[in-house]
Amino acid sequence: MYRTPVRRRFSTDDRRLPPPGTPAEPDAVASDPGALLRKVLVVDDQHDLAELAEALLSSHGLDVVVAHSGEEALQALQDNTDIDALFSDIMMPGINGLDLADLVDERYPHIKVVLTSGYTLPSLLADRRKRYLFAPKPYNIATILGLLRC
């Protein structure tokens, strides 16, 4: 039997993600204290994919901010000082996801970075000073939640 999920607003102090693969329960508290995650910045130049990621992450109790370019993402980070994580596509015009990740790592070292891509040029990955968590497209929400929590 299908039940319509009940949406509840959380205070920023009581939201923790359930372990990957388990249904989201509004009152579930993860056993790992490092799992506290409140607000995620999703960056993808493909609007439909950004909106899908927003819907999936929101359905797991996260506040989500969406940007459609690296430039918009940097502005969103200035405007939202409570962002805990960045989930970004790599292949974007202008500031690509890898360059964005490096900027975020330099300016906001407390923000967790997870990258995704359906196709990445090998030249973009060469000589990177840092490796980031990565999920290939198409991804599933359990994988993304797991990477955001680790």
Side-chain angles (χ1 to χ4, degrees), residues 5 7 10 12-77 79-92 94-150:
R7 301 209 18 126
F10 298 93
T12 56
D13 295 332
D14 70 352
R15 271 187 293 183
R16 295 177 189 262
L17 296 176
T22 60
E25 292 292 332
D27 297 319
V29 176
S31 60
D32 177 15
L36 185 60
L37 184 66
R38 298 176 187 107
K39 195 170 199 177
V40 178
L41 172 58
V42 171
V43 186
D44 201 314
D45 61 318
Q46 294 182 350
H47 290 242
D48 57 338
L49 293 178
E51 309 304 318
L52 178 61
E54 176 186 25
L56 290 170
L57 293 170
S58 293
S59 73
H60 284 268
L62 294 170
D63 287 333
V64 180
V65 175
V66 174
H68 300 290
S69 69
E71 293 82 1
E72 282 183 28
L74 293 174
Q75 185 62 52
L77 287 165
D79 296 343
N80 298 272
T81 58
D82 57 343
I83 289 175
D84 301 305
L86 168 73
F87 177 54
S88 178
D89 186 27
I90 293 176
M91 299 302 295
M92 297 185 295
I95 300 174
N96 68 50
L98 287 167
D99 292 338
L100 176 61
D102 287 342
L103 288 169
V104 168
D105 187 54
E106 289 171 15
R107 297 179 188 176
Y108 309 95
H110 66 281
I111 294 179
K112 172 156 237 144
V113 175
V114 176
L115 299 175
T116 188
S117 183
Y119 174 77
T120 302
L121 296 171
S123 61
L124 283 177
L125 300 175
D127 301 321
R128 299 307 298 187
R129 66 174 180 81
K130 183 172 182 178
R131 296 201 186 273
Y132 298 99
L133 296 173
F134 178 81
K137 287 181 181 177
Y139 52 80
N140 67 52
I141 192 62
T143 299
I144 301 310
L145 290 171
L147 289 172
L148 289 169
R149 289 185 61 224
C150 69

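We use all heavy atoms of the structure for the numbers below, so side chains are in, but hydrogens, waters and symmetry mates are not.
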Can you name the residues that form a side-chain contact (heavy atoms from CB on, under 4.5 Å) with [X], not counting sequence neighbours?
X: Ala73; value: Leu41, Val43, Ala67, Leu100
X: Ser69; value: Glu71, Glu72
X: Asn140; value: Ala142, Thr143
X: Ala85; value: Leu37, Val40, Lys112, Leu148

_Let's go through Leu62 and Leu145 carefully: what are the C-alpha distance in whole Å and the side-chain angles of both, what is the deciding distance for side chain to side chain contact (heavy atoms under 4.5 Å, CB included) to 0.1 Å, and is it a yes or a no?_
CA-CA 10 Å; Leu62 294 170; Leu145 290 171; 4.2 Å; yes
Minimum heavy-atom separation for [X] to [Y], with atom names?
X: Ala53; Y: Val42; value: CB-CG1, 3.8 Å
X: Val113; Y: Ala101; value: CG1-CB, 3.7 Å
X: Thr116; Y: Ala135; value: OG1-O, 2.6 Å
X: Ile95; Y: Met92; value: O-CE, 3.7 Å
X: Ser88; Y: Gly97; value: OG-CA, 3.9 Å

*Measure the spacing between CG of Leu133 and CG of Leu86 and express it to the nearest 0.5 Å.*
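If we round to the nearest 0.5 Å, Leu133:CG and Leu86:CG are 11.0 Å apart.
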_Main-chain N/O of Ala76 paired to Asn80 side chain as donor or acceptor, under 3.5 Å_ = yes
With a 4.5 Å heavy-atom cut-off, do [X] and [Y] have their side chains touching?
X: Ser117; Y: Asp89; value: yes
X: Asp82; Y: Arg38; value: no
X: Ile90; Y: Phe134; value: yes

*asked:* With side chain to side chain contact (heavy atoms under 4.5 Å, CB included) as the test, pick out the partner of Lys39 among Val65, Leu57, Ile111.
replied: Val65
*Sequence neighbours left out, what passes ring pair (Phe, Tyr, Trp, His ring centres under 6.0 Å) with Tyr108? Give chain and number order.*
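Applying ring pair (Phe, Tyr, Trp, His ring centres under 6.0 Å) to Tyr108 gives none.
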*Could you pull out all residues at least two apart from His47 that satisfy ring pair (Phe, Tyr, Trp, His ring centres under 6.0 Å)?*
His68
*Under the side chain to side chain donor-acceptor pair (under 3.5 Å) test, residues paired with Gln75 that sit two or more places apart*: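 If we apply the side chain to side chain donor-acceptor pair (under 3.5 Å) test to Gln75, skipping adjacent residues, the hits are Asp79.
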*Residue pairs fulfilling salt bridge (charged side-chain N to carboxylate O under 4.0 Å, His left out) with at least one residue in residues 40-55, sequence neighbours excluded*: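 Passing the test, one end in residues 40-55: Asp44-Lys137.
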*asked:* Go through it in stages, so that I can follow the logic: the residues are Leu74 and Leu103, the test is side chain to side chain contact (heavy atoms under 4.5 Å, CB included), and I'd like the CA-CA distance, side-chain angles, deciding distance and then a yes or no.
replied: CA-CA 9 Å; Leu74 293 174; Leu103 288 169; 3.9 Å; yes
*salt bridge (Lys or Arg N to Asp or Glu O under 4.0 Å) involving Asp102 - partner list, sequence neighbours excluded*: Arg128
